[in-house]
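Everything on this sheet refers to the single structure shown next.
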Amino acid sequence: MSDSQPLPSPPPSSEPAPARRTYARMLSTPDPNWVRSDDFHASFLIPHDDALERALKNSAANGLPDIAVHAGQGKLLHLLARTIGAKRILEVGTLGGYSTIWFARALPEDGQVVTCELLEKFAKVAKDNFEHAGVANKIKVLVGPAAETLPTLPDDEKFDLAFIDADKASNLIYFKQAKRVVKRGGVIIVDNVIRNGTVANPDIDDENVRGVRALLEHIKNDKEIDATTIGTVSEKGYDGFLYALYL
């Protein structure tokens with residue numbers, strides 16, 4: 001039984017409708033209440049943004065999968081970067097550059113996002129989105145398998161924050177490389193670590209779940225890392241992220 005009351009309607013807006021959502025690649029279909037709640041809060045806290053909407057639509061038009069963070073998550077990443085005064089951010093998994101734009105906007109003029117993308121096609125779309133958003137001068141794209149491009153980053157050019165949102169089977173590889181180049185006191189965030197509860201389900205054993213479990217086991221024994229996992233429900237379904245502090 002629930003004693004929840006219907007949410008009031010968001011305030012009227014003349015802004016264009018957001019890019020159409022698709023759920024085909026999600027682990028779970030979002031509850032309509034989650035979607036309504038996202039839209040309601042965003043109507044107060046996240047103004048319509050032509051460049052970000054264009055990035056989503058341009059990515060979809062070029063055949064990129066609809067697996068980017070949603071607006072509320074992008075705003076959270078942006079605020080976290082600003083909160084810690086980040087100047088250099090590492091991102092693993094560019095896709096169409098939606099989260100990258102959020103990060104770039106959080107940086108000072110001399111800041112930089114280094115983002116790793118496996119596919120040249122996706123990188124090309126992302127670069128176009130960066131140009132349109134006016135942040136291309138703050139972003140460097142490394143194209144190729146991140147397991148190969150990350151080791152080319154020098155040890156002495158530290159990052160304040162790293163965001164890992166790529167193939168989950170390689171989470172531990174990416175995390176170890178991120179730790180190598182993130183400064184002491186820096187933050188490492190890993191997305192999609194709940195996966196509709198499948199990570200905690202002993203009857204499920206696919207490569208993505210194994211990738212998250214291996215990361216958790218590693219962090220449990222790493223005395224230089226203090227971390228927690230936060231579960232989320234949203235228009236993207238039931239998932240969550242890991243937030244780690246490099247001590």
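The structure displayed is predicted, hence computed values, not measured ones.
- A salt bridge links Asp222 with Lys179; the closest basic N to acidic carboxylate O contact falls under 4.0 Å.
- Counting heavy atoms from C-beta outward, Leu245 and Ile225 have side chains that stay 4.5 Å or more apart.
- In this structure, the separation between CG on Leu242 and CD1 on Ile164 is 9.0 Å, given to the nearest 0.5 Å.
- Distance alone, capped at 3.5 Å, is enough to place a donor-acceptor pair between the Lys138 side chain and the Ala104 backbone.
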Passes side chain to side chain contact (heavy atoms under 4.5 Å, CB included), Val187 versus Val182? Steps please. CA-CA 7 Å; Val187 172; Val182 166; over 6 Å; no

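- Distance check: Arg210 CZ to Leu172 CG gives 14.0 Å after rounding to the nearest 0.5 Å.
- Although no hydrogens or angles enter the test, the distance criterion places a donor-acceptor pair under 3.5 Å between the side chain of Gln73 and the main chain of His70.
- Atom CD1 of residue Ile84 and atom CG of residue Leu80 lie 7.5 Å apart, to the nearest 0.5 angstrom.
- Checked by atom type and distance alone, the side chain of Ser170 never pairs as donor or acceptor with a backbone atom of Asp167 at under 3.5 Å.
- Here the side chain of Lys236 pairs a donor or acceptor atom with the backbone of Ala68 at under 3.5 angstrom.
- Considering NZ of Lys127 and OG1 of Thr115, their distance stands at 11.0 Å, rounded to 0.5 Å.
- For the pair Asn62/Phe122, no side-chain contact is recorded, criterion being any heavy-atom separation below 4.5 Å from C-beta on.
- Donor-acceptor pairing under 3.5 Å is recorded for the side chains of Asp128 and Asn58.
- Under the 4.0 Å criterion applied to side-chain N and carboxylate O atoms, Lys168 and Asp165 are assigned as salt-bridge partners.
- Once rounded to the nearest 0.5 Å, the distance linking CD1 of Ile139 with CZ of Phe130 reads 4.0 Å.
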Decide side chain to side chain contact (heavy atoms under 4.5 Å, CB included) for Arg88 and Lys158; before the verdict, give the C-alpha distance in whole Å, the side-chain angles of both, and the deciding distance to 0.1 Å. CA-CA 7 Å; Arg88 299 193 77 230; Lys158 297 299 185 183; 5.8 Å; no

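- Using a 4.5 Å heavy-atom threshold, the side chains of Tyr243 and Val190 count as separate.
- Evaluation of the side-chain contact (heavy atoms from CB on, under 4.5 Å) rule for Ala123 yields Glu117, Val141, Val143 as partners, not counting sequence neighbours.
- A donor-acceptor pair under 3.5 Å is formed between the side chain of His78 and the backbone N or O of Trp102.
- The nearest pair of heavy atoms linking Ala86 to Ile89 is CB-CG1, 4.1 Å.
- A salt bridge does not link Asp49 with Lys75: none of the charged nitrogens is closer than 4.0 Å to a carboxylate oxygen.
- In this structure, Thr94 contributes its side chain and Cys116 its backbone to a donor-acceptor pair below 3.5 Å.
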Would Thr229 and Leu216 satisfy side chain to side chain contact (heavy atoms under 4.5 Å, CB included), going step by step from the backbone distance to the final call? CA-CA 10 Å; Thr229 293; Leu216 294 172; 4.3 Å; yes

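- Counting heavy atoms from C-beta outward, Val125 and Leu64 have side chains that approach closer than 4.5 Å.
- Linking ILVMFWY residues whenever their side-chain heavy atoms come closer than 4.5 Å, directly or via other members, leaves Leu79 and Leu52 in distinct clusters.
- In terms of modelled atom types and a separation under 3.5 Å, the side chain of Arg180 and the main chain of Leu150 share a donor-acceptor contact.
- Asp31 contributes a side-chain N or O that, together with a main-chain N or O of Asn33, makes up a donor-acceptor pair within less than 3.5 Å.
- Taking CD of Glu91 as the reference point, atom CG of Leu161 lies at 10.0 Å (rounded to 0.5 Å).
- With sequence neighbours excluded, no residue forms a side-chain contact (heavy atoms from CB on, under 4.5 Å) with Lys124.
- Looking at heavy atoms from C-beta onward, Pro65 lies in side-chain contact with Leu95 at the 4.5 angstrom threshold.
- Formation of a donor-acceptor pair under 3.5 Å by the Asn129 side chain with backbone atoms of Gly96 is found in this model.
- For Asp160 and Lys87, the salt-bridge test fails: no basic side-chain N is under 4.0 Å from an acidic carboxylate O.
- Side chain of Arg195 to backbone of Val209: no donor-acceptor contact under 3.5 angstrom is found.
- Contact check for Glu224 versus Tyr246: side-chain heavy atoms found under the 4.5 Å cut-off.
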Pair Leu90-Phe163, side chain to side chain contact (heavy atoms under 4.5 Å, CB included): steps then yes or no: CA-CA 6 Å; Leu90 174 64; Phe163 178 56; over 6 Å; no

